[in-house]
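Working notes, structure below.
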Amino acid sequence: MPYVITDACISVKDRSCVDVCPVDCIYEGPQQLFINPDECIDCAACEPECPVTAIVAEADVPAPLTHFIALNRDVFASSTPPAKALRK
Amino acid sequence: MTGPPARETAAQRVERIKRERAPWSIMDDIRRYAREGFHSIPEADLTVRFRAWGLYTQGDGNGTRGDAVPFFMMRVRTPNGDLTSQMVHTIADLADRYARSTIDITNRQNFQLHWLRIEDIPTVWDALAEVGWTSQGACGDNTRTVTGCPLAGVDADEVTDASALAIAVDRTLNGNPEFANLPRKFKITVTGCRHWCTYPEINDIGITAVKRGSELGYHVQVGGGLSTRPHMALRLNAFVPPEHVAHVAKTIAAIFRDSDELRVNRTKARMKFLFVNHGWTAESFLQEIQRRLGHRFDAAAHDDIPDGRIRDHVGVQPQKQPGLSYAGFSVVSGRITPPQLRGIADLASRYGNGKLRTTAMQNLVALNIRDEDIATLIHESSALGVPLTGSAFQRGTLSCTGSEFCKLAITETKRFSIRLAAEMEQRVPGLNERIRVYVTGCPNACGQHWIADIGLQGVRLTENGEQVEGFDVFVGGGVGARASFARRVGFRTRADEIPAALERLCRAFTAGSSTGESFHAWVGRLADTDVKTLLAGT
C-alpha cells in the first residue's frame, strides 16, 4: 500500500520527502511531487518529513482527496511523466 | 460476526483481527498447523496473531522487494538477558537441528532463530519450555521483553541489582490477558546500571535506579522510540520507591492500552505519539499515573546522567564479589554460531557457575568466573573466534536483521556490518576512540542508527539502470549526557563505497580533533556540508 502526495504539496514542493526516501520513488511535476506507487515500499519515512502534511498512506487518504490516489498513479502513464525529483 | 469493511486500513484490519480472537489464544492452533502444514495456516493468524508468539514469516532474501517464504523467525524472550549454560546449549542445539545453524543475539537481549518450519515449532517450544524459556510475547502488540543490565548483581559500580524487578515486570505483563492487546509494541527496560546500558531513553518506559541520599528509588522515562519519527523519552518528575515500580509500569501500560486514539494508524501507534501528536506532556502523564494509582510521588532526585560513551560491558572485569570476574564476549552484530555458543556456555560452567547474560549491544557475558581461572578462560576462548577484547570498531558495531530474513529491509546488514567492522580495523588501525557504527536496513531503525556516532540506513540506488544497495550516512547520535539524534548529512552511496568514506571521516577525526575530544563532540562542531565533503573525499 503506497503513500500518496495530496493537494497540500501544490506550489509548495518542499522536497524534504525526497531527501529521506530510501528508494528514490518521488518524482517532480510542474505543480506538485508524486510518489510512484509501483516503486514505493510503504516504509513511511517521507510522511513525517512533509512540512504541509501532504503525504498520506493510500488507505488513509480522506474522502475528498481520494482522486489523488489515481493521480499519483496515472501521471506515470501520461505522455509527460514527471522526472525524478532531486534531493535538496 | 460481521466481515471486514470494503475499504479497511491496515490499522483497522489488525485491530479487527486482534478483537476477533486474542492472539495468545492460538497456541493449540499453531500446534495443529504444525501437523497439517504451512498451507493450513489462515492469513489472519499468519500475519497478525503468530507475532504474539514471537513468530514472523521470513523473507526470501530480497527484503522489501521479495516475498515471504514458508519459514519462520522465532524470537526467544530473554528478560534481563538472563541465561544459564543449559539454556545456551539448548538454543545452540535447536539452531543446529531446526534453524540451519542460523542464530542472532538481538539488541533487546533476545535470541532469534531463523529458517524454522511450522512442523518444527512445537518441538522447539517444548525444548525451550524444558529450560524455562518461551517465545510468548516476543513480537506483536504487547509488552516486549523487559530488558535490564547484564551485570546486575555483579557490577561493583551499579546503583543496585534491579534484575529481579525487571523480571517481575516482565512476568506481570507477559501473558497477562489485560495487556494482550496494546495499540502497538511496547518496550520496557528496568535497570540499576550506572551506564544505562539498556537505553532507557529509547524505550516506551525506561526505569532507572537512583539514590536519594542512602535511599534507593527509581526514575521513570516515558515515550522513547526511534523508527521514522525518533523521540527521546521524557523524564517524569517522580521518585518512585522500589515497591511501587511494578505498579507504575503496569499503570503506564494501561494508559497506553486505553489510548484508542493510537489505534487508527499503525505508523503512529507507539506511545511516543501521545506526546508528539496528542498533547500529552511529562506533567500530565505523571498526573494520570498518580490519579490511577491514587498515590503521589515525591519529586525526582538528582540524577547522574551517564556520559553515553561506554555501554557494552565487554572484556574481563572484576565483580563486586571478591575473587570473581565477568567475561564479556564481543559478538559483532549479534551473529554467533552454535559451536561458539556452546564454547562460551562450557567456559561459563567450567570456570564460573554457568550463569550468562545477553546484552543490548548484542553481546554475551559469562558471570562469576573465578579469578584464578581467568587466564585459562582467556586462553581457551581465543579458539572460539569471539574476542573478549574487541577492537574499537568490533565493539561499536551493531546491526538489525536486514534483508537476509526481514521482509521490510531494503539492504542486507548482518554480513555487511561484520565485513565493515573488519575492514575499518584495517583501514584505521589503532583508533583509540570507540566509534559506534550502527547499521539498519530500512527507515524503521531496528539497528538504532539514530543514536549512533555513525549511523547507516539502507537505501536502494539506481545506477546505469541497475538497482544497487547503498546507505544514507547519519552522524552525531548519542544517549545519556550526549542525547541527540544523528543527523542525515545528505551523503548516500553504494554499500561497497562505505568503508572508504568512513575511513576518510575517521582519519579527519584523528587529524582534526583536539586532545581527548570524542567523535561525538568533534562531529558535532562540523557543518553537515563539511561532513558530506569528508565522506565524499571531494
Side-chain angles (χ1 to χ4, degrees), chain A residues 1-6 8 14-28 34-70 72-73 76 81-88, chain B residues 5-14 62-66 226-231 264-270 272-273 276-277 403 406-411 440-445 449 456-463 467-472 474 487-492 528-529 532:
Chain A
M1 185 193 65
Y3 278 71
V4 174
I5 300 183
T6 61
D14 171 80
R15 289 192 293 132
S16 294
C17 55
V18 181
D19 287 353
V20 304
C21 176
V23 294
D24 287 339
C25 74
I26 300 177
Y27 292 71
E28 184 167 357
F34 297 98
I35 291 174
N36 187 322
D38 295 328
E39 297 175 2
C40 176
I41 60 165
D42 193 26
C43 74
C46 57
E47 190 263 344
E49 299 296 323
C50 180
V52 292
T53 327
I55 305 176
V56 188
E58 185 180 293
D60 298 329
V61 175
L65 299 176
T66 50
H67 58 286
F68 278 90
I69 298 172
N72 272 255
R73 182 174 293 281
F76 293 97
K84 286 260 189 201
L86 297 176
R87 288 193 285 278
K88 284 183 180 178
Chain B
R7 187 166 180 264
E8 189 179 43
T9 66
Q12 287 168 338
R13 174 177 174 273
V14 172
N62 292 307
T64 185
R65 289 167 292 174
L226 297 178
S227 192
T228 57
R229 180 68 175 80
H231 187 253
V264 298
N265 185 334
R266 298 284 294 171
T267 64
K268 297 173 185 170
R270 293 288 300 277
K272 64 187 173 187
F273 286 101
V276 175
N277 287 346
S403 63
C406 175
K407 302 189 294 287
L408 300 178
I410 298 166
T411 56
T440 196
C442 79
N444 288 306
H449 64 287
L456 302 175
Q457 181 218 283
V459 299
R460 198 186 312 152
L461 306 170
T462 305
E463 286 190 353
Q467 297 215 320
V468 295
E469 294 193 352
F471 289 93
D472 263 352
F474 295 63
R487 301 128 53 196
R488 186 192 305 266
V489 294
F491 182 76
R492 177 178 291 193
D528 289 355
T529 49
K532 185 177 176 181

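What you see is a predicted model, and the numbers here were worked out from it, not measured in a lab. A note on names: the letters A, B, ... follow the listed sequences, proteins ahead of strands, and every chain is numbered from 1.
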Measure the spacing between CG of A/D60 and CD of B/Q12 and express it to the nearest 0.5 Å.
8.0 Å
Heavy-atom side-chain contact between A/V20 and B/R488 under 4.5 Å:
yes
Residue that, paired with A/P22, satisfies side-chain contact (heavy atoms from CB on, under 4.5 Å) out of B/T411, B/D472, B/I410, B/L461
B/I410
A/D24 with B/R492: basic N within carboxylate O range, under 4.0 Å
yes
If one checks every heavy atom of B/Q457 against chain A at 4.5 Å, the contacting part turns out to be side chain
Region of A/C21 in contact with chain B, defined by heavy-atom distances below 4.5 Å
backbone
Pick one of side chain, backbone, both or neither for B/R65, based on which atoms fall under 4.5 Å of a heavy atom in chain A.
neither
Between B/T9 and A/A59 the two heavy atoms that sit nearest each other are CG2-O, 3.5 Å
Could you check if a side-chain atom of B/P443 sits within less than 4.5 angstrom of a side-chain atom of A/C43, using non-hydrogen atoms only?
yes
